Amino acid sequence: MKDKQRTKAQEATQAIERIYIAMRHLFNRGFYKPMGISGRTLREGLLALQPEIYGSIGEDKVELSGLLYVLDRLPHGIEECPIVNLTGDEGYQLSNMKSIIPPKRRRNCYRIDKDQMNVEITRGRSDIYDILTHLTFLFIESHKIANRVVINDKGTLTSEWLKFEKVILQDEITNDELEIAMFHCANILGRTFEEVLAVHKALATKEMPNRLLKVIYWLGKLAVEEVLEINKRIILFSPVLRERTGHHMHGERWANRIKRELEKQDLLDRPIHIISANMHSVMNYLFSKQTVTSSKEKPVKIEVFERLSQPENSKERKQISDLAAEQGMTYLKDVSGTNIDVQIFDLAKIDFDKSYLSKVNKETNAVLIVMDYAFGEQAFETMDELLKPFKKAKNGPVNLNVSSVSIMGKAGILKGGKGDLMIPQAHVFEGTTDNYPFENEITLADFENEDIEVSDGHMITVLGTSLQNREMLSYFKKSTWKVVGLEMEGAHYQKAIQAASKIRNSINSDVKVRYAYYASDNPLETGSTLASGGLGLTGVKPTYLITEKFLKQIVRQ
């Protein structure tokens, strides 16, 4: 049984390797037809791998949970476009076209005309791999629809499809017509009416209440055109994107802006602590006690943080950000193209006695740089540039006095559930034996009195969350690799930190490093993958516990 599992894990690893080699080849080539001969390796690799997140991709029925996951990460309307053009930052924001931003991926997209969608890639190769994998899944599913509705070589379509099409193309759809269309849709997809109804509700927006049916229609329509040799879909890579990828242009602009702001505020020579997290947890932890808890009800910490995570409490969040600005917080909205916003906190200006850190012995001369989450390989680009000397300083090159780097991240857990914590001692690159051990300042002991499940071990830094296979992950979990979770940025961050501290000597060689992850999913459990939905309030407790441990160590340091 062990040999069988090992063989399946090896096959999965080989499939991932083939997929990435194919994507690099197609990128260098400049274009390809995803359902043609040029896209065959990608399709075959994905079908051989059968990633957990894409569920029933290998079956005849259309995968609905995977479809919901992918559509949240792709721009509205991309299913209607036979041409998808991946571009660099080429000035589209200067045009009159309105950018389309997917709900769960920060990338600018532009509908050029009825046939073409341009997707702006500014976050490196991981972003390219991510979108190509999702599009390959989408096209595979679309051909399942075509195979169900095309009756013969002459292009005859089933009466069910024709009735479905007639309803979808109407300007207004009555409730009775909608229900009939959903019955037809369920049969076309090979799914139950109940399943279709659930995804229909999940995808619906005010502007597009029938979005699922529109998506299914356009996926099917374009796939039918491909099957009947009427029109082939094509993916293009712009010359500018191919030229700039890997050159750190966006990361350099991003990092220099931060350093200029530090110089402007006379903070360059202060001890600097870098935190990769989100744009709310550090700020809320430092300032919410002065605002939310000043009310009569006096809620406890976790209740405050849960309240602040609710969409309807924007007024309280605004009070906190206003107070933070009064007490030394500078917010840098990204203009570099990295899509990574930054907060700079001058700890000397914070009233710690009114914060949740009032009982901690503090060193308050330090500066916090809080950067939003990077994406995959972008983590190396941004951290590498940030840790370099500031060459454009007024008085000549200046090394940053970086005392610590703390990384909080979301990760898939291999033993546990959503909201549990993982404390790594090393990162291992997927598909290679490259590994990055380090001394983590965060340990299990930091959480021994907290009511939360915590495990330690090693993390695997994957090339993409959408390519994870059950057998491969089981092997990493049970073998001597002792992997407890998977994420996308850890090894990239550590590579940059080690280069700066051990080789380039641009920061202190004894820089403190902290890593802690909270589980967003368990890819080994059916129904607990990323496609099963977000964390909701489950993520509040682990997010703020990690934030608390980071801040307590930083202010003591």
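Remember, it's a predicted structure, so these values are computed and weren't measured experimentally. Worth knowing before you read on, the calculation uses all heavy atoms, side chains too, and leaves out hydrogens, waters and symmetry mates.
There is a side-chain donor-acceptor pair under 3.5 Å between Ser142 and Arg233. Of the N and O atoms on the side chains of Glu226 and His143, at least one donor lies less than 3.5 Å from an acceptor on the other residue. Side chains of Tyr518 and Asp420: a donor-acceptor N/O pair is absent below 3.5 angstrom, by distance only. Defined by atom type and a distance below 3.5 Å, a donor-acceptor pair is missing between the side-chain atoms of Thr338 and Gln378. Between the side chains of Tyr493 and Ser276, a donor-acceptor pair is found at a separation under 3.5 Å. In this structure, a donor-acceptor pair under 3.5 Å is absent between the side chains of Ser99 and Gln93. Inspection of the Glu195 and Thr192 side chains reveals an N or O donor paired with an N or O acceptor under 3.5 Å. Thr87 and Asn85 share no side-chain donor-acceptor pair at under 3.5 Å. For Tyr92 and Asn118, the side-chain atoms include at least one donor-acceptor pair closer than 3.5 Å. In the model, Thr174 has a side-chain atom that pairs as donor or acceptor with a side-chain atom of Glu177 under 3.5 Å. Defined by atom type and a distance below 3.5 Å, a donor-acceptor pair is present between the side-chain atoms of Thr547 and Ser281. A donor and an acceptor atom, one from each side chain of Thr291 and Gln319, are nowhere located under 3.5 Å apart.
The closest donor-acceptor contact from the side chain of Lys214 to the backbone of Ile168 lies under 3.5 Å. A donor-acceptor distance shorter than 3.5 angstrom exists from the side chain of Asp334 to the backbone of Asn339, with no hydrogens or angles considered. Judged purely by atom type and a 3.5 angstrom limit, Glu80 has no side-chain atom pairing as donor or acceptor with the backbone of Trp218. Looking at Glu59, its side chain never comes within 3.5 Å of a backbone N or O of Lys61 through a donor-acceptor pair. Proximity of a side-chain donor or acceptor of Asp113 to a complementary backbone N or O of Gln116 within less than 3.5 Å is detected.
One finds a salt bridge joining Lys232 and Glu229 here, because a Lys/Arg side-chain nitrogen approaches an Asp/Glu carboxylate oxygen to under 4.0 Å. Ionic pairing of Arg191 and Glu63 is present here: one or more N-O contacts between side-chain nitrogen and carboxylate oxygen are shorter than 4.0 angstrom.
A 6.0 Å sphere centred on CG of Asp451 holds no more than 12 heavy atoms belonging to other residues, nucleotides or ligands. Within 6.0 Å of NZ in Lys415 there are 12 or fewer heavy atoms belonging to other residues, nucleotides or ligands. Around the CD atom of Glu194, the shell of radius 6.0 Å holds no more than 12 heavy atoms that belong to other residues, nucleotides or ligands.
Classification of the Tyr20-Tyr129 ring pair by plane angle, with boundaries at 30° and 60°, yields perpendicular. Between Tyr54 and His134, the angle of the ring planes goes over 60°, which puts this pair in the perpendicular group of the 30/60° scheme. Aromatic ring orientation, Tyr544 versus His280: tilted (interplanar angle from 30° to 60°). Note: Tyr517 and Tyr515 have parallel aromatic rings, judged against thresholds of 30 and 60 degrees for the angle between ring planes.
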Quiz prompt | Working for side chain to side chain contact (heavy atoms under 4.5 Å, CB included), residues Thr461 and Glu430 | solution = CA-CA 6 Å; Thr461 298; Glu430 177 184 49; over 6 Å; no
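Evaluated for a salt bridge (charged side-chain N to carboxylate O under 4.0 Å, His left out) with Asp130, the options Lys104, Arg106, Arg107 yield exactly one hit, Arg107.
The closest side-chain heavy-atom distance from His200 to Asn210 is below 4.5 Å. Side-chain atoms of Ile452 and Pro542, non-hydrogen and from C-beta on, do get closer than 4.5 Å to each other.
Residues Phe193 and His184 keep their aromatic ring centres 6.0 Å or farther apart.
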